Structure formats: C-alpha cells, structure tokens
Amino acid sequence: HFASSSRDSDLPVELLYGLARSESLFQADVVSSAGAIGLAQLMPATAEETAGRLRLSDYDLYDPGDNLKLGSAYLARLLATVDGQVLPALFSYNAGLGRYRRWEASAGRLPADLVLETLEYAETRQYGRNVAGAAAAYAALYGGQDVEEFLAWMLGE
C-alpha cells in the first residue's frame, strides 16, 4: 500500500511511513477522539473531498490501501499549495491550512524549521518533529537516497 500510494502521489515512501507512524502507529483501525480514521488519520470530510478530487466513489477509511491513497493525495495537495515545502505541508495536515497560513504570517520570513518553533500549538510543533524524524529514520534505514539530501528537502534547504 505504501509503495503504490507513494507512486500515485509522487511523495517519498519514507515520508508516508513517517506520516503513518506519527498519525496512527500503523494501526489501520484507530479512530482519534476528534473522529480521524485509519493509518493517515483522515477526517471523514477531508477524505470525502479528496476522494471527489480523485474521482474515487467507493472507499473505506479503515482499509489501509484506501486510507493511504487518500492521505497521500491530501498531503501531496497541501505540499503543492505551500510551494513544495514539506514542514509547512505537515503543519497544515495536522492543524489545517488556514491556521498554518496565520502562523506563517505572524512568523515572518523565518525558515520552516524555525517556524516550527514558533507554532502556537505544542501538538503541531511535536507533530512536525515526529513526522520529519520518523521519515528521516526510514530514509536512513530503507531509503535508496542520501539521508542528508532527504533531510535538506524536508527542511526546505
């Protein structure tokens, strides 16, 4: 599921591993107290909107393949919206794009890794660290790419 979602969304599989580890600890049937479901912890409304964009009429958020397909497509869309900046896309995935845009405006022209330290929500600050750290660890363990280059990409350097 991870490899096909990576290919479909054009996101590194290591980033998707980091996302699923941080969101759900790889538990396909987990539901958050806010109602987010599955590996990528998608809210039903977000999943429905993303499925519509993909012209996917039949999906199950408890199915790992469907959940990763929708979660990776949503993250890819956020990444495109924030000009390819990985950390801002992750902040937006966790807290919402509108909220991230407000944080970005108040932070000024700081690099993304320093914006992380200024975020209003401790949960989102830690989330950014968790996903980036896990993705870097997966890149070091399993990736065919240079870990230093992968980290630089995630940090926007």
Side-chain angles (χ1 to χ4, degrees), residues 1-32 34 36-43 46-47 50 61 63-157:
H1 302 300
F2 284 91
S4 63
S5 292
S6 171
R7 280 189 306 274
D8 291 348
S9 64
D10 200 27
L11 294 175
V13 71
E14 298 86 0
L15 182 59
L16 298 183
Y17 285 143
L19 178 78
R21 182 186 188 286
S22 300
E23 286 287 355
S24 65
L25 291 173
F26 298 105
Q27 297 176 54
D29 61 349
V30 70
V31 179
S32 76
I37 300 169
L39 289 176
Q41 284 293 280
L42 291 166
M43 294 298 289
T46 301
T50 304
L61 288 178
D63 176 86
D66 289 352
N67 194 286
L68 282 173
K69 180 181 190 76
L70 293 169
S72 63
Y74 179 58
L75 180 57
R77 186 164 52 93
L78 288 172
L79 191 63
T81 301
V82 295
D83 301 322
Q85 299 174 79
V86 178
L87 285 178
L90 293 173
F91 304 151
S92 299
Y93 192 99
N94 179 258
L97 182 61
R99 188 168 289 124
Y100 168 70
R101 291 288 193 209
R102 286 191 297 278
W103 292 336
E104 178 185 42
S106 68
R109 302 192 52 79
L110 294 174
D113 58 331
L114 294 180
V115 169
L116 175 127
E117 301 304 328
T118 70
L119 298 179
E120 180 181 338
Y121 295 159
E123 174 192 333
T124 304
R125 286 194 304 270
Q126 192 57 46
Y127 178 82
R129 292 180 192 118
N130 289 349
V131 176
Y138 288 118
L141 291 170
Y142 308 114
Q145 61 206 8
D146 180 88
V147 175
E148 193 171 316
E149 287 178 18
F150 185 75
L151 277 170
W153 172 74
M154 283 197 304
L155 296 175
E157 297 177 359

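Residue indices begin at 1 and follow the sequence shown. Bear in mind that the values here come from a model prediction, so they are computed numbers and not experimental data. Any value given below was found using the heavy atoms of this structure, including those in side chains, with hydrogens, waters and symmetry copies removed.
- Distance CG/L114 to CG/L87: 10.5 Å, rounded to 0.5 Å.
- The pair E117-R129 meets the salt-bridge criterion, since a charged nitrogen lies less than 4.0 angstrom from a carboxylate oxygen.
- With rounding to the nearest 0.5 angstrom, the CG atom of L119 is 11.0 Å from the CD atom of E104.
- Using a 3.5 Å distance cut-off with no hydrogens or angles, the side chains of Y127 and E23 do pair a donor with an acceptor.
- Between atom CG of residue L70 and atom CG of residue L75 there is a gap of 12.5 Å, rounded to the nearest 0.5 Å.
- Here the side chain of S5 pairs no donor or acceptor atom with the backbone of F2 at under 3.5 angstrom.
- The neighbour count for D10 CG, taken as heavy atoms of other residues, nucleotides or ligands under 6.0 Å away, does not exceed 12.
- Side-chain atoms of T50 and R77, non-hydrogen and from C-beta on, do get closer than 4.5 Å to each other.
- Residue-environment remark: CD (E148) stays at or below the threshold of 12 foreign heavy atoms within 6.0 Å.
- When every heavy atom of R21 is checked against every heavy atom of A134, the shortest pair comes out as CD-CB, 3.9 Å.
- Although no hydrogens or angles enter the test, the distance criterion places no donor-acceptor pair under 3.5 Å between the side chain of E149 and the main chain of D146.
- Of the possible donor and acceptor atoms, one in the side chain of Q41 sits under 3.5 Å from a partner among the backbone N and O of V30.
- Between the CZ atom in R99 and the CZ atom in F91 there is a gap of 14.0 Å [rounded to 0.5 Å].
- Remark: E120 engages W103 in a side-chain hydrogen bond (donor to acceptor under 3.5 Å, both in side chains) (not counting sequence neighbours).
- For the pair Y74 and L79, the minimum side-chain heavy-atom distance is 4.5 Å or more.
- The shortest side-chain heavy-atom distance between W153 and P12 falls under the 4.5 Å cut-off.
- Residues L155 and V86 are not in side-chain contact: their nearest non-hydrogen atoms beyond the backbone lie 4.5 Å or more apart.
- A distance-only check finds no donor-acceptor pair linking the side chain of S9 to the backbone of A73 [under 3.5 Å].
- The aromatic rings of Y138 and Y17 sit tilted, their planes meeting at an angle between 30° and 60°.
- Shortest non-hydrogen contact noted between A95 and Y121 is CB-CD1, 4.5 Å.
- To the nearest 0.5 angstrom, S92 atom OG is 9.5 Å from Q85 atom CD.
- Using a 4.5 Å heavy-atom threshold, the side chains of Y93 and Y100 count as separate.
- Nearest heavy-atom pair, S72 versus L16, reported as atom, atom and distance to 0.1 Å: CB-CD2, 3.7 Å.
- Distance check, rounded to the nearest 0.5 Å: CD of Q126 to CG of N94 gives 11.0 Å.
- Taking each heavy atom of A140 and V147 in turn, the nearest pair found is CA-CG2, 3.3 Å.
- The two residues L15 and M154 make their nearest non-hydrogen contact at CD1-SD, 4.4 Å.
- Side-chain atoms of N67 come within 3.5 Å of backbone atoms of A40 as a donor-acceptor pair (strictly under, hydrogens ignored).
- Between L11 and L19, the closest side-chain pair of non-hydrogen atoms is not below 4.5 Å.
- Residue A34 comes nearest to M43 through the heavy atom pair O-CE, 3.2 Å, listed as atom of the first residue, atom of the second, then distance.
- Enclosure of atom CZ in R101 by more than 12 non-hydrogen atoms of other residues, nucleotides or ligands within 6.0 angstrom is indicated.
- Residues D66 and L61 have side chains not in contact (no heavy-atom distance under 4.5 Å, counting atoms from C-beta outward).
- By the 4.5 Å heavy-atom criterion applied to side chains, L39 and L68 are counted as neighbours.
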